[in-house]
Amino acid sequence: MKLARRLHQRLPPWAHRLLKPALFVAGLPRTQELVLLEGEERSGGKPLRAAFAGPADLKETVLKRAFAPGARERDLGPIPVWLSSAAIAARAPEADLVVRRVPPHYEGLGRRGVLARLPAWVPMRVDLRDEACLKRGKEKLARMRGKAKRAGFTVADARREADFAEFYDRLHAPYVKDRHGEAASLQSREETMAKLKSGAWRLLAVKRGAQTVAAGTVEFGGTQARFWQLGVRDGDRALLEEGAADAVYAAVLDAARARGCASLHLGHSRPFARDGVLEYKRMLGAYVSGGRDERRGSIELSVSRRGPGLDDFLADNPMIALEPDGRCGLRGYVRGADEAGERARWWHARYCFKNNLGLQVLSLDGEL
């Protein structure tokens with residue numbers, strides 16, 4: 001490997017360009033761990049087994065959405081990353097459900113028998129000029145601002161290099177690690193500092209007195225804004241209860257409006273409609289956005305064996321699914337066809353249907 005690296009470094013620029021596709025393919029992941037998750041389904045308490053192949057942060061999402069606390073994990077060993085859901089089911093015959101993370105470069109392989117394909121991450125945006133969408137967030141924002149005022153929080157721009165270092169070391173990194181543990185994914189300190197020092201990102205600080213208790217980084221470009229990072233001092237959950245993170249979201253929304261932005265990107269969420277992050281952003285008036293370039297791969301759900309635990313999971317977890325034409329759509333499962341109309345009305349009352357967002361309400365009666 002060292003010899004190959006030395007030879008690569010000695011190649012002229014034109015050779016680098018010619019070899020780039022081959023080097024890209026060589027660098028793609030080859031394997032991922034297969035794990036059997038076993039326990040009680042979260043909503044109904046019935047037994048559920050899921051064969052899971054994917055990264056640790058997605059596994060934590062599946063455990064949280066599908067299982068009650070106390071679920072067990074059994075390592076079934078590494079598998080090729082391109083292995084289909086059907087082949088995974090054959091390796092874990094006791095599983096009711098197969099959940100497979102599919103990297104972008106393998107998305108066209110092995111789709112037979114897949115119940116649903118979900119974007120790995122769902123971009124959420126607020127249309128700052130669409131009053132029909134914004135009204136969904138007015139009540140939530142009013143509560144957030146009232147809570148921040150009672151807690152004595154104020155908002156200010158932070159512009160010093162010391163503020164940037166404090167944000168990363170004392171607010172952002174501790175907050176993300178506390179929230180996500182071993183599955184935490186952080187942008188590097190060097191990248192964050194470079195963006196802030198260059199002025200590409202702006203740091204909005206929520207203060208109590210002279211101390212910054214929470215802050216967020218936001219990027220402005222023309223009529224678009226992008227919320228990048230959030231931090232709470234030392235990951236303190238008491239500050240979260242007081243509304244410190246809420247105050248950052250409100251400050252970012254206010255700053256985007258003040259600059260005349262048409263759209264604010266609030267970042268990505270997992271594709272389960274009851275996921276806490278996605279639901280929080282929806283309550284601010286955000287809508288499901290993004291195309292193929294923002295999906296970062298997909299998640300496949302396949303049914304291996306039908307049972308009460310699996311039906312409870314599907315009924316309790318409406319999701320953001322990928323339609324055959326690549327668009328996103330809301331999908332919910334109901335226990336009888338007579339519930340479909342009521343569920344459809346529920347979706348339309350809660351969600352902002354922009355970006356050609358589709359809607360499917362499917363019955364669990366009969367075959368899936």
* Salt-bridge criterion met for D236 and R233 (N-O under 4.0 Å) -> no
* Asked: Of all heavy-atom pairs between S269 and V277, which one has the smallest distance, and what is that distance?
  -> OG-CG1, 3.5 Å
* To do: Using a strict cut-off of less than 4.0 Å between a Lys/Arg side-chain nitrogen and an Asp/Glu carboxylate oxygen, indicate whether D246 and R143 qualify as a salt bridge.
  => no
* **Sidechain N-carboxylate O distance under 4.0 Å for D311, K46** => no
* To do: Assess the side chains of T217 and E219: does a donor N or O sit below 3.5 Å from an acceptor N or O?
  => no
* **Salt-bridge criterion met for D96 and R306 (N-O under 4.0 Å)** => no
* **Exceeds 12 heavy-atom contacts within 6.0 angstrom, atom CD of E339** => yes
* Regarding N356 and R327, is there a side-chain donor-to-acceptor distance under 3.5 Å anywhere? -> no
* Not counting sequence neighbours, which residues clear disulfide (SG to SG under 2.5 Å) with C261? List them please. => none
* Carboxylate-amine/guanidinium proximity below 4.0 Å for E33 and K59 -> no
* Quick one: pull up CZ in F353 and OH in Y287 and give me the separation to the nearest 0.5 Å. => 14.0 Å
* Provide the full list of disulfide bond (SG atoms under 2.5 Å apart) pairs with a residue in residues 122-234, sequence neighbours left out, each pair given once. => C133-C352
* Is there a side-chain contact between Q211 and V213, using heavy atoms and a 4.5 Å cut-off? -> yes
* R179, CZ atom: more than 12 neighbouring heavy atoms under 6.0 Å -> no
* Asked: Can you find a heavy atom in the side chain of R270 that is under 4.5 Å from one in the side chain of K64?
  -> no
* Asked: Has R237 got more than 12 heavy atoms of other residues, nucleotides or ligands less than 6.0 Å from its CZ?
  -> no
* Can you find a heavy atom in the side chain of R208 that is under 4.5 Å from one in the side chain of F153? -> yes
* **Charged N-O contact under 4.0 Å between R335 and D312** => yes
* To do: Kindly determine whether K177 and L186 satisfy side-chain contact (heavy atoms from CB on, under 4.5 Å), including the steps that lead there.
  => CA-CA 9 Å; K177 290 174 182 177; L186 279 166; 3.7 Å; yes
* Pairs touching residues 185-194 that satisfy salt bridge (Lys or Arg N to Asp or Glu O under 4.0 Å), sequence neighbours left out -> D169-R189
* Can any side-chain N or O of H172 pair as donor or acceptor with the backbone N or O of L230 at less than 3.5 Å? -> yes
* To do: Check for a donor-acceptor pair, side chain of R202 on one end and backbone N or O of F220 on the other, with a separation under 3.5 Å.
  => no
* **E131 bridged to K135 by N-O distance under 4.0 Å** => no
* Asked: Do side-chain atoms of K207 reach the backbone of A156 as a donor and acceptor pair under 3.5 angstrom?
  -> no
* Asked: Does N355 use its side chain to pair, donor to acceptor, with the backbone of L357 at less than 3.5 Å?
  -> no
* Asked: Hey, does Q229 have a side-chain heavy atom less than 4.5 Å from the side chain of V176?
  -> no
* **Neighbour count above 12 (heavy atom, 6.0 Å) for K354 NZ** => yes
* Asked: Under 4.0 Å between a Lys/Arg side-chain N and an Asp/Glu carboxylate O for E279 and R282?
  -> yes
* To do: Might you point out which heavy atoms bring V98 and S304 nearest each other, and give the distance in Å?
  => CG2-OG, 3.5 Å
* Give me the ring orientation class for W228 and W201: parallel if the planes are under 30° apart, tilted from 30 to 60°, perpendicular past 60°. => parallel
* Asked: Counting heavy atoms not belonging to E241, are there more than 12 under 6.0 Å from its CD?
  -> no
* Measure up the H268 and W121 rings against each other and bin them: parallel (under 30°), tilted (30 to 60°), perpendicular (over 60°). => perpendicular
